[in-house]
Amino acid sequence: VCIDAVNYEIPPEPAVFFFYNPFDEALMSQVADKIAASLRAAPRKIFIVYFWPSHPKPWNECKALKPWPVKQPPWPDAHTKEVVAVWTNS
């Protein structure tokens, strides 16, 4: 899919959304809000997988999601606490 993330129409079926640190916090917040609105309109199972999560705040503040425990790989750098973060609505 090649489209602006804010304009992407979220499909109403179960999904995994994969992010490799793609946006600044403002845009990530807009995307999180859009996914949360989609969940309210069509409840279903989703996962957010965020690699090198430099802007996790929008996901942490999303009331529809909760963190999913992830065993971190042994190779993060000295400035990174998490290599990957996952949230789900289950």
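Quick caveat, the model's predicted, so the values are computed rather than measured.
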Looking only at heavy atoms, which two atoms of [X] and [Y] are closest? And how far apart?
{"X": "N89", "Y": "I46", "result": "OD1-N, 2.9 Å"}
{"X": "M28", "Y": "H55", "result": "CG-O, 3.9 Å"}
{"X": "V31", "Y": "A5", "result": "CG2-CB, 3.8 Å"}

Test ring pair (Phe, Tyr, Trp, His ring centres under 6.0 Å) applied to Y8 - qualifying residues, sequence neighbours left out: none
Set of ring pair (Phe, Tyr, Trp, His ring centres under 6.0 Å) partners for F17, sequence neighbours left out: none
Aromatic contact, F47 with W68 (centres under 6.0 Å): yes
Residues W52, Y20; criterion side-chain hydrogen bond (donor to acceptor under 3.5 Å, both in side chains); working and verdict: CA-CA 7 Å; W52 299 112; Y20 194 99; 3.1 Å; yes
I want to check something: taking the side chain as every heavy atom from C-beta on, are [X] and [Y] in contact at a cut-off of under 4.5 Å?
{"X": "P53", "Y": "F19", "value": "no"}
{"X": "V6", "Y": "L27", "value": "yes"}
{"X": "Y50", "Y": "N21", "value": "yes"}

Test side chain to side chain contact (heavy atoms under 4.5 Å, CB included) applied to I35 and I48, step by step: CA-CA 10 Å; I35 290 173; I48 305 298; 4.1 Å; yes
I'd like a table of donor-acceptor pairs (distance under 3.5 Å, sequence neighbours excluded) in which one partner is a side-chain atom from residues 36-45, with atom names and distances.
residue : atom : partner : partner atom : Å
S38     : OG   : R44     : NH1          : 3.4
S38     : OG   : R44     : NH2          : 2.6
R44     : NE   : P11     : O            : 3.4
R44     : NE   : E13     : O            : 3.0
R44     : NH1  : S38     : O            : 3.0
R44     : NH1  : A42     : O            : 2.5
R44     : NH2  : P11     : O            : 2.8
K45     : NZ   : S90     : OG           : 2.3

